[in-house]
Q: 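Before I ask anything, here is the structure I am working with.
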Amino acid sequence: MSEFDYDLFVIGAGSGGVRASRIAASHGAKVAVAEEYRIGGTCVIRGCVPKKMLVYGSHFAEELQDAAHYGWTIDSMRFDWATLRDTVLRDVDRLETAYTSTLDNNRVEHFHERATIAGAHAVRLASGREVTARYILVATGAWPVMPDFEGNQYCITSNEVFHLPELPERVVIQGAGYIAMEFAGIFNALGSKVTVVNRSDVILRGYDEALRDRLLQITMARGIEYKFHCPITKVEQRDGGGFTVTPGKKDPIPADVVLIATGRRPNTDGLGLENAGIDLGPGGEIPVDEFSKTACDSIYAVGDVTDRVQLTPVAIREGHAVADALFGGEKRTIAYDCIPSAVFSQPPIASVGLTEGEARNRYGNVKVYSSDFRPMKNVFAERHERGLYKLVVDANTDRILGIHMIGPDSPEILQAAAIAVRAGLTKADFDATVALHPSMAEELVLMR
Ligand code: NDP
């Protein structure tokens with residue numbers, strides 16, 4: 001008989017928490033997970049997955065526009081927001097059911113209520129019940145930051161954007177990171193007038209500069225307006241509906257929806273970490289070691305709540321590694337140096353490894369190869385947008401240090417190319433690979 005109620009108690013049934021629960025249970029551990037909202041977490045319920053569906057839905061605008069050049073006549077083209085929204089929300093329900101079944105099939109007990117830490121081995125549930133566990137895993141994710149300005153109660157975040165009653169005519173988006181650029185693309189494609197306001201003049205900070213410039217050019221040509229160096233200072237309700245947004249000293253902008261996308265803060269408020277002697281980091285994150293262990297030996301944390309890399313596949317790997325280490329006899333660390341990422345803007349950006357600037361700082365002697373091309377699909381459709389691929393190469397060893405791409409389907413192409421970067425392949429290996437013609441991806445092996 002164990003001295004604890006559970007071998008593992010997981011707080012938060014998102015990507016990291018569900019993976020850790022399932023794997024720990026498969027190793028024979030007695031596992032429970034508590035979730036105060038919906039099983040699946042941000043990615044499945046109000047993040048990556050429903051966002052990608054909106055990207056797919058909105059992308060038809062481009063396809064249908066281009067279709068005429070390929071001989072199609074489409075009469076009475078109309079878009080209905082409610083149909084897309086409800087289809088997306090139905091699929092989210094389906095996925096939540098699938099995630100719940102995964103827990104059930106692995107005999108993971110789930111509590112649909114908030115849980116907090118009551119001690120090194122103790123969890124308190126909102127119902128008042130207290131349970132004990134040999135190990136506790138915190139996987140509570142992060143929450144959108146709402147900056148402090150007059151009228152911010154009228155603004156929405158990515159949590160609410162999936163539920164809009166109708167397609168807004170005018171959308172103002174604050175921020176120029178992942179969420180801002182993805183939703184700017186979605187609403188612009190669906191026909192809304194989109195204005196992006198940001199506190200700096202940098203979009204997608206951290207991505208390769210040439211790609212960011214290209215995205216800016218293309219999206220401006222598509223009608224997205226940018227206002228830089230002017231974070232929102234006030235939002236007022238207008239008589240007769242809508243809002244007036246004041247971006248610093250710039251002219252007010254009318255809006256029907258004001259979406260704030262200024263980063264996400266770890267979900268640690270009121271979690272009771274102090275009861276286990278765990279101090280938070282400066283951004284509210286839980287500090288952990290390379291095995292995701294907190295300052296308390298029996299408590300681990302994975303995913304966005306640790307603010308290492310706020311990406312679903314990373315949280316999943318971290319959760320899996322914790323479960324394997326605690327119950328599968330296999331202790332391992334996660335490699336954070338070569339994580340591919342994508343922005344599902346329109347067109348999308350995808351990237352892995354070092355940017356040109358980072359590589360020059362770290363290696364000094366760097367060669368950059370690029371291909372600035374008009375995809376065949378665009379040529380045919382008289383669309384003037386160009387793709388841009390870049391290879392960043394260590395000039396001393398010929399090793400590929402980074403790949404950066406903007407253009408149709410770039411995330412789909414980059415995932416495979418990321419294997420080559422991870423494996424330490426050289427530019428000569430790319431050159432030796434025969435092109436797959438005609439494709440956009442062939443540009444990767446044709447840069448000289
Ligand atoms: P990001 O960190 O990507 O971008 C934040 C933006 O808000 C930046 O433009 C930043 O400006 C600005 N900003 C930050 N703080 C303030 C502030 N206090 N006032 C005004 N502006 C501010 O955050 P997102 O919210 O877009 O996304 C959150 C996280 O979610 C991302 O980091 C990412 O990890 C994840 N995500 C990933 C996706 C993907 O993989 N495709 C998709 C969506 C989200 P500046 O740069 O000038 O500082």
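FYI, side chains are in, hydrogens and waters are out, and symmetry mates aren't considered; it's all heavy atoms of this structure. When a ligand or atom number is given, it counts from 1 through the structure's own listing order.
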Q: Do I413 and M405 make a side-chain contact, defined as non-hydrogen atoms from C-beta onward lying under 4.5 Å apart?
A: yes
Q: For the residue pair H112 and H110, categorise the inter-ring angle as parallel (less than 30°), tilted (30 to 60°) or perpendicular (more than 60°).
A: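 The rings of H112 and H110 stand perpendicular, inter-plane angle above 60°.
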Q: Which one of I203, L311, N198 has a non-hydrogen atom at the shortest distance from atom 10 (C) of ligand 1?
A: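 The nearest heavy atom belongs to N198.
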Q: Among protein heavy atoms, which lies nearest atom 6 (C) of ligand 1, and at what distance?
A: A261 O, 3.6 Å
Q: Looking at atom 39 (C) of ligand 1, what's its closest protein heavy atom, distance included?
A: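 Answer, as residue, atom name and distance: Y178 CD2, 3.3 Å.
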Q: Could you measure the distance from the CG atom of L259 to the CG atom of N159? Nearest 0.5 Å is fine.
A: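 Interatomic distance, L259 CG to N159 CG, rounded to 0.5 Å: 10.5 Å.
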Q: Checking the N or O distance criterion of under 3.5 Å, is ligand 1 in contact with P231?
A: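 No: no nitrogen or oxygen of P231 is under 3.5 Å from one in ligand 1.
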Q: In the protein, which heavy atom is nearest to atom 21 (N) of ligand 1, and how far is it?
A: T262 CG2, 3.4 Å
Q: Going by heavy-atom distance to atom 18 (N) of ligand 1, choose the closest among K51, M146, R199.
A: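 Of the listed residues, R199 has the closest heavy atom.
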Q: Suppose we measure from atom 46 (O) of ligand 1 to each protein heavy atom; which comes out shortest, and what is that distance?
A: R205 NE, 2.9 Å
Q: I need the I334 CD1 to R317 CZ distance, nearest 0.5 Å.
A: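 With rounding to 0.5 Å, CD1 (I334) is 6.5 Å from CZ (R317).
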Q: Could you grab the distance from atom CG of D208 to atom CG of L204, nearest 0.5 Å is fine?
A: 11.5 Å
Q: May I ask whether Q174 has any heavy atom positioned less than 4.0 angstrom from an atom of ligand 1?
A: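 Yes, that is the case, since the closest heavy atom of the residue is under 4.0 Å from the ligand.
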Q: Among G263, A180, G177, whose heavy atom sits nearest atom 23 (O) of ligand 1?
A: G263
Q: Please determine if K427 forms a cation-pi arrangement with Y369, meaning its NZ or CZ atom is less than 6.0 Å from the six-membered ring centre and no more than 45° off the ring axis.
A: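 Yes, a cation-pi geometry holds between K427 and Y369.
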Q: Does any N or O atom in A342 lie less than 3.5 angstrom from one in ligand 1, N or O only?
A: yes
Q: What protein heavy atom lies closest to atom 47 (O) of ligand 1? Include the residue and the distance to one decimal.
A: S200 OG, 2.5 Å
Q: Are any of the N or O atoms of A176 closer than 3.5 Å to those of ligand 1?
A: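 Yes; the residue has a nitrogen or oxygen that sits under 3.5 Å from a nitrogen or oxygen of the ligand.
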Q: Short N/O distance, under 3.5 Å, between Q310 and ligand 1?
A: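 Yes; at least one N/O pair falls below 3.5 Å.
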Q: N378 side chain to E385 main-chain N or O, any donor-acceptor pair under 3.5 Å?
A: yes
Q: Tell me whether the rings of F187 and W81 are parallel (<30°), tilted (30 to 60°) or perpendicular (>60°).
A: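 Ring orientation of F187 relative to W81: tilted.
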Q: Give the residue and atom name of whichever protein heavy atom lies nearest to atom 42 (C) of ligand 1, and the separation in Å to one decimal.
A: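 Answer for atom 42 (C) of ligand 1: E182 OE1, 3.2 Å.
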Q: Starting from atom 30 (O) of ligand 1, what is the nearest protein heavy atom, named by residue and atom, and what distance separates them?
A: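 Sorting protein heavy atoms by distance from atom 30 (O) of ligand 1 puts R264 CD, 3.7 Å first.
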Q: Return the residue, atom name and 0.1 Å-rounded distance of the protein heavy atom closest to atom 26 (O) of ligand 1.
A: I179 N, 2.8 Å
Q: May I ask you to establish whether K331 and F291 are in a cation-pi arrangement, using a distance under 6.0 Å from NZ or CZ to the six-membered ring centre and at most 45° from the ring axis?
A: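 Yes; both conditions hold, so K331 lies above the ring face of F291.
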Q: Can you tell me how far apart SG (C230) and CZ (R199) are? Round to the nearest 0.5 Å.
A: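 Here the rounded value is 13.0 Å.
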